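Single-structure report; data block below.
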Amino acid sequence: MEIPYTVSNRPDTGLWNAKIGIWLFLASEVMLFGGLFSAYIFLRIDAPPGMWPHGLLNVPVGTMNTAILIMSSVTVVLAWASLKMRKYNAYWWYMLATITCGVIFLTVKLAYEWPQKFDHFGIYIKPEALGKYEQYLGNAYAAEKGLPPRLEITGHLHNRAAQNDPNIKEYEVALDPLNADPTNPEMDRPHFWPRSATEKIATIEKEDVQYATMFLPRHSAYFASYFTITGLHGLHVLGGVLVFIYMWLPVSKRLYQQNPEHLANRVEVSGLFWHFVDLVWIFVFPLFYLL
Amino acid sequence: MSLKAFHIVFIIFSTLLALGTGVWCLWVNLVEGAPIYIAGAIASFVVAIVLMVYGFWFYRKMKRLGIIT
């Protein structure tokens with residue numbers, strides 16, 4: 001039995017079925033991501049001073065990934081237009097370019113950006129012990145300058161066993177530039193150009209620590225939001241790439257030979273999904289990386 | 001809405017993002033005094049112009065080819 005209205009318009013809706021379907025699906029996606037973005041905004045507005053990290057993400061890498069996604073939206077539209085003009089070879093190459101862009105985006109995210117965070121350590125100091133670590137926090141200087149209080153010491157954890165071994169009484173951390181030189185005016189603002197941890201090691205006693213963890217979702221509401229939204233977005237990118245791979249394989253050539261308009265319509269609905277996913281990133285990038 | 005129309009909407013948002021990133025780079029340069037951000041601002045504004053030109057080209061091309069659904 002043939003599925004009706006894959007190419008011709010359904011009389012009551014005036015559209016072919018898949019197009020109605022994809023827009024209903026995208027409407028539900030708007031609600032999903034809208035809820036998450038709202039949660040992020042309210043968490044940020046409500047965060048106490050000094051408790052919302054800023055400038056921890058790699059802006060140049062995020063910018064590159066944004067450019068890659070914009071490029072992929074262009075190539076998917078060109079793939080669709082090629083099918084409309086019955087140029088299968090051009091379609092094949094544009095689709096390959098789209099898949100490549102999606103794979104590069106995911107690779108950068110999963111093999112570079114996320115692991116960098118998993119490798120970073122943050123220690124929130126108990127309020128009564130803040131003075132003991134003034135040399136790393138520079139709160140007197142921050143107060144003088146009208147900056148928010150600094151409650152956290154960050155860097156690379158040297159003695160990783162200290163995380164789970166109760167017999168180890170202190171953390172040894174190779175400090176980030178801010179904590180290595182907290183009274184340097186250059187550290188007054190977040191740095192969006194990547195800066196690696198310094199050679200300066202701080203020893204922080206566990207009894208002075210309120211909370212210590214790697215930069216994982218449990219670190220803070222900021223990282224919980226970051227990993228949830230970018231993770232969900234990454235799953236959407238993966239889904240899109242898998243669909244594109246299916247439509248790029250020889251099975252699509254057979255469909256093209258039987259009914260080219262049907263394949264063009266399939267590419268159009270998957271292209272609409274891809275555009276939505278890219279549009280979500282257009283909001284993720286400034287919210288998380290820039291502001 | 002067709003893919004063509006959604007693509008134009010997407011290019012408009014991308015252009016706004018490029019312009020916003022350029023303004024952000026200028027602001028960071030003001031507070032940090034790092035000249036590298038001037039280069040970032042110029043690159044962002046150039047990308048915004050390229051996206052605008054592409055958007056017009058795409059619209060006219062689709063119209064000319066009659067690929068409007």
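Below, all heavy atoms of this structure are taken into account, side chains as well, without hydrogens, waters or symmetry copies. In what follows, chains carry the letters A, B, and so on, assigned in the order in which the sequence lines appear, proteins first and then strands, with residues in each chain numbered from 1. All values reported here derive from a predicted model rather than from experimental measurement.
Interface summary for chain B: among Val267(A), Ile70(A), Leu290(A), the most heavy-atom pairs under 4.5 angstrom belong to Leu290(A). Ranking Val77(A), Ile22(A), Thr63(A) against chain B, the residue ahead of the rest is Val77(A), based on heavy-atom pairs under 4.5 Å.
Residue Val269(A): no heavy atom, backbone or side chain, is found under 4.5 Å from chain B.
Across Ser2(B) and Lys19(A), no two heavy atoms sit closer than the pair CA-NZ, 3.6 Å. Across all non-hydrogen atoms, the minimal contact from Tyr54(B) to Val74(A) is OH-CG1, 3.4 Å.
Residues of residues 88-103 of chain A lying within less than 4.5 angstrom of chain B, judged on heavy atoms, are absent. Taking 4.5 Å as the heavy-atom cut-off, the residues of residues 12-23 of chain B that approach chain A are Phe13(B), Ser14(B), Leu17(B), Thr21(B), ordered by number.
Around atom OH of Tyr59(B), no more than 12 heavy atoms belonging to other residues, nucleotides or ligands sit under 6.0 Å away. The environment of CE in Met71(A) is sparse: at most 12 heavy-atom neighbours from other residues, nucleotides or ligands sit within 6.0 Å.
Within the model, atoms CG of Leu78(A) and NZ of Lys61(B) stand 9.0 Å from one another, a figure rounded to the nearest 0.5 Å.
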Kindly list each side-chain donor-acceptor pair under 3.5 angstrom involving residues 273-281 of chain A, sequence neighbours excluded, with atom names and distances?
residue	atom	partner	partner atom	Å
Trp274(A)	NE1	Ser72(A)	OG	2.7
Trp274(A)	NE1	Asp278(A)	OD2	3.2
His275(A)	ND1	Gly271(A)	O	3.0
His275(A)	NE2	His7(B)	ND1	2.6
Asp278(A)	OD2	Ser72(A)	OG	3.4
Asp278(A)	OD2	Ser73(A)	OG	2.4
Trp281(A)	NE1	Thr66(A)	OG1	2.9

Working for side-chain contact (heavy atoms from CB on, under 4.5 Å), residues Phe6(B) and Trp23(A): CA-CA 11 Å; Phe6(B) 198 22; Trp23(A) 277 110; 4.2 Å; yes
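Judged purely by atom type and a 3.5 angstrom limit, Trp80(A) has no side-chain atom pairing as donor or acceptor with the backbone of Leu3(B).
Counting only heavy atoms from C-beta outward, the side chains of Phe10(B) and Ile282(A) approach each other to under 4.5 Å.
Applying the side chain to side chain donor-acceptor pair (under 3.5 Å) test to pairs two or more places apart or on separate chains, those with a residue in residues 26-35 of chain A are Glu29(A)-His236(A).
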